[in-house]
2 protein chains.
Amino acid sequence: MDEAEGGRRDYRAEAEPLTPRDGAARRPVTLADVAREARVGESTVSRVLRSHGSYSQKTRAQVEAAVARLGYVPNRIAGTLASTGSRLIGIVIPSLTNIVFPDLLRGATATLEAEGFQPVIAVTDYDQDREETVVDSLLSWRPAGLIVTGLEHNPGTVRRLAASGVRVAELLDVDGPGLDIVVGYSNRAAGAASARHLVGRGYRRIGYIGHDLGRDRRAAKRYAGFREGLGAAGLALAGEERIAAPSSIEAGRTGLAALLARVRDLDAAYFSNDDMALGGYFHCLARGLAVPGRLALFGYNGLDVGRLMPQPLATIRTPRVEAGATAARLVCGSGPATVVDLGFELVEGATA
Amino acid sequence: MDEAEGGRRDYRAEAEPLTPRDGAARRPVTLADVAREARVGESTVSRVLRSHGSYSQKTRAQVEAAVARLGYVPNRIAGTLASTGSRLIGIVIPSLTNIVFPDLLRGATATLEAEGFQPVIAVTDYDQDREETVVDSLLSWRPAGLIVTGLEHNPGTVRRLAASGVRVAELLDVDGPGLDIVVGYSNRAAGAASARHLVGRGYRRIGYIGHDLGRDRRAAKRYAGFREGLGAAGLALAGEERIAAPSSIEAGRTGLAALLARVRDLDAAYFSNDDMALGGYFHCLARGLAVPGRLALFGYNGLDVGRLMPQPLATIRTPRVEAGATAARLVCGSGPATVVDLGFELVEGATA
DNA sequence: TTGAAAGCGCTAACAG
DNA sequence: CTGTTAGCGCTTTCAA
């Protein structure tokens, strides 16, 4: 099925690299060089470059000319050390495989960029011990703030965070106590709303297909909320299938297949997220199961792909990009500790 | 169709934040504090902490005890300034919307982490002027290296890069001269291989559905390669549709619809990537067009979603994660300028 | 409006 | 094996 193409090869660049690796590494241009070139003091250059304090227009011109002539690039490492805080914001996310987290990053980086901050990212693979490690590592850069995902952390992580004194924003969950800034939505409420919706549409034999809930705490909260929602209607799950792996289209597809093999009379399937649900949808298409006639499908996240399926996916849309942006804005500010619940939106779609 | 839920609300955290914003900001613990506490010199502490140079086991124990007692976190800003280079690697990508770039990041961050480096990311939105700006900004952190996407840059960007003397890796393209390290695959060859494959399967009325080629230079190279491939077989495109926007499932769906409305007798559609092709597939499903009987589909990237569709998508699989990892490894090293062509793989799938 | 000088917290010689 | 002493490049008083 696969055909090797575009053969692998390693070779030296034919042309001389534009970045000569010259042995005689020339000393980088410093602010002192600029001062000398512009015939002014170092502090004057510093003021001009940061448009801070006062200086004459003539001086400004001289400095700018010198900067251009020398190709000076300020050294923010030195600047940060000399001044109080850095313009770095650490961002800790569990994964880059699920588009949800790039979406967060997208919102955060756009806002940070606008405010003159630089994001430094770290990935935990849904592992709280790794989170502790990367938080430590990020903290050593003395960031102005840290954005982390979720409300559950190791005690050690919390201790370090508290001791560091930096602002912390926790993202994507509001179901529990936060450390400082909390931006997200209630996963529990989302799960419950999903259950109410399915029940309201008349489904009674509802199954759950999910991924590794031990690691993904927010998915676990949705699951709990969903069961509560069913319970409130006097129902219970007709069956469930959990994949001991991160969520994926594949896990959704094989998960639904496995569940249907065991519980044949399901009339609806609730998935831990849209990726999983898409996998389920593909299974239905492949097997010719009518959706929602034979089986209704419900997801979580409101991804583009769900909106564009031949039948739009029933799901819960979450404002992820906005959450990232909001967290970035607040973490750079100096407001009080806050919880911002951005809410969510139930998308009826056509699969349920 | 939409139902508002999980109402938005802003409120103060009920519990006292674990990170007290105490007005009397306590002075952070420094290496000097540790030295005093451990009753040794500062340089001794430094040596122990970096396991560099020599010291007695007894000293090591004292230092470690002091570090633990004081909760000391090293300040890498200061460390970097005092030593030669930083352990920061800048990564510049055009977008976070297409999963391809998070994939790159995934490969790169994993490798960087293992080598003790920290990634700092910036997003250009496929804008070369913005690339110049963010490269400048990244350079001011004096990174050990920079990973950028593609081979096309503003002259100003190239100048700054060259002047900085940092290692630079260019990713995802090998069709053209590079600055230093180049890691990727030939987009042109991929386009040509796609054309040969479709022609080989007997398709003759082939259309192209693409996105903004002015900004996405690699997609433009695939397009050029594809046309060359057709030309070599004595064929030409039977029609094409270009969306003046970034690639998306939606653009693929509407693009194919528009093209079929104009050119009714197409027998195959070549898409600028898998997202676009997925949109096309959804269009076919929605309209009941048999794939590949009525219309064959071909994409680019080899995303999971294509593999898991009821009919696996015909596409070209690219080693993106590996490319990110390779670039990270090389950019942290001190080897010669290199081009690494990782090649690609044609996936026959079932849609062509 | 400007410059001199004193650090920021750490690393890297260099003595001892 | 360990401490002392210079800086790294910049910002920030504080005088001038």
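Proteins come first, then strands; the chains are lettered A, B, ... in the order of their sequence lines, and each starts at number 1.
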Open item on the list: Ignoring hydrogens and geometry beyond distance, is a side-chain donor-acceptor pair present between B:Thr59 and B:Ser56 at under 3.5 Å?
Closed with: yes
- [ ] Taking only Lys NZ, Arg NE, NH1 and NH2, and the carboxylate oxygens of Asp or Glu, determine whether A:Asp33 and A:Arg27 approach each other closer than 4.0 Å.
- [x] yes
Open item on the list: Under 4.0 Å from OP1 or OP2 of D:dG3: is there any side-chain N or O of B:Thr44 that close?
Closed with: yes
Task: End-to-end axis angle, where each axis spans five pairs of the helix from C:dT1-D:dA16 to C:dG16-D:dC1, to 10° - done: 30°
Open item on the list: Without decimals, in angstroms, what is the distance between B:Arg36 CZ and C:dG9 C1'?
Closed with: 13 Å
TODO: Could you check B:Val48, B:Val34, B:Val45 and say which one makes a side chain to side chain contact (heavy atoms under 4.5 Å, CB included) with B:Val40?
DONE: B:Val45
Open item on the list: Nearest whole Å is fine: how far is D:dG3 C1' from B:Arg39 CZ?
Closed with: 15 Å
TODO: Output yes when A:Arg218 and A:Asp173 qualify as a salt bridge under the 4.0 Å nitrogen-oxygen rule, no when they do not.
DONE: no
TODO: Answer yes or no: are there more than 12 heavy-atom neighbours, outside B:Arg69 itself, under 6.0 Å from its atom CZ?
DONE: yes
TODO: Let me know the distance between CD of A:Gln57 and P of C:dT1, rounded to the nearest Å.
DONE: 10 Å
Open item on the list: Taking salt bridge (Lys or Arg N to Asp or Glu O under 4.0 Å) as the definition, give me every residue that meets it alongside A:Arg50, ordered by chain and number, with sequence neighbours left out.
Closed with: none
Open item on the list: Can you tell whether the side chains of A:Asp127 and A:Arg215 come within less than 4.0 Å, N to carboxylate O?
Closed with: no
- [ ] State whether the side chain of B:Thr111 and the backbone N or O of B:Arg329 hold a donor-acceptor pair below 3.5 Å, judged by distance alone.
- [x] no
Task: Base versus backbone protein contacts along nucleotides 7-16 of chain D [heavy-atom cut-off under 4.0 Å; B, S, -] - done: BBBBSB----
Open item on the list: Using a 4.0 Å heavy-atom cut-off, does A:Ser56 contact any base of the nucleic acid, only the sugar-phosphate backbone, or nothing at all?
Closed with: sugar-phosphate
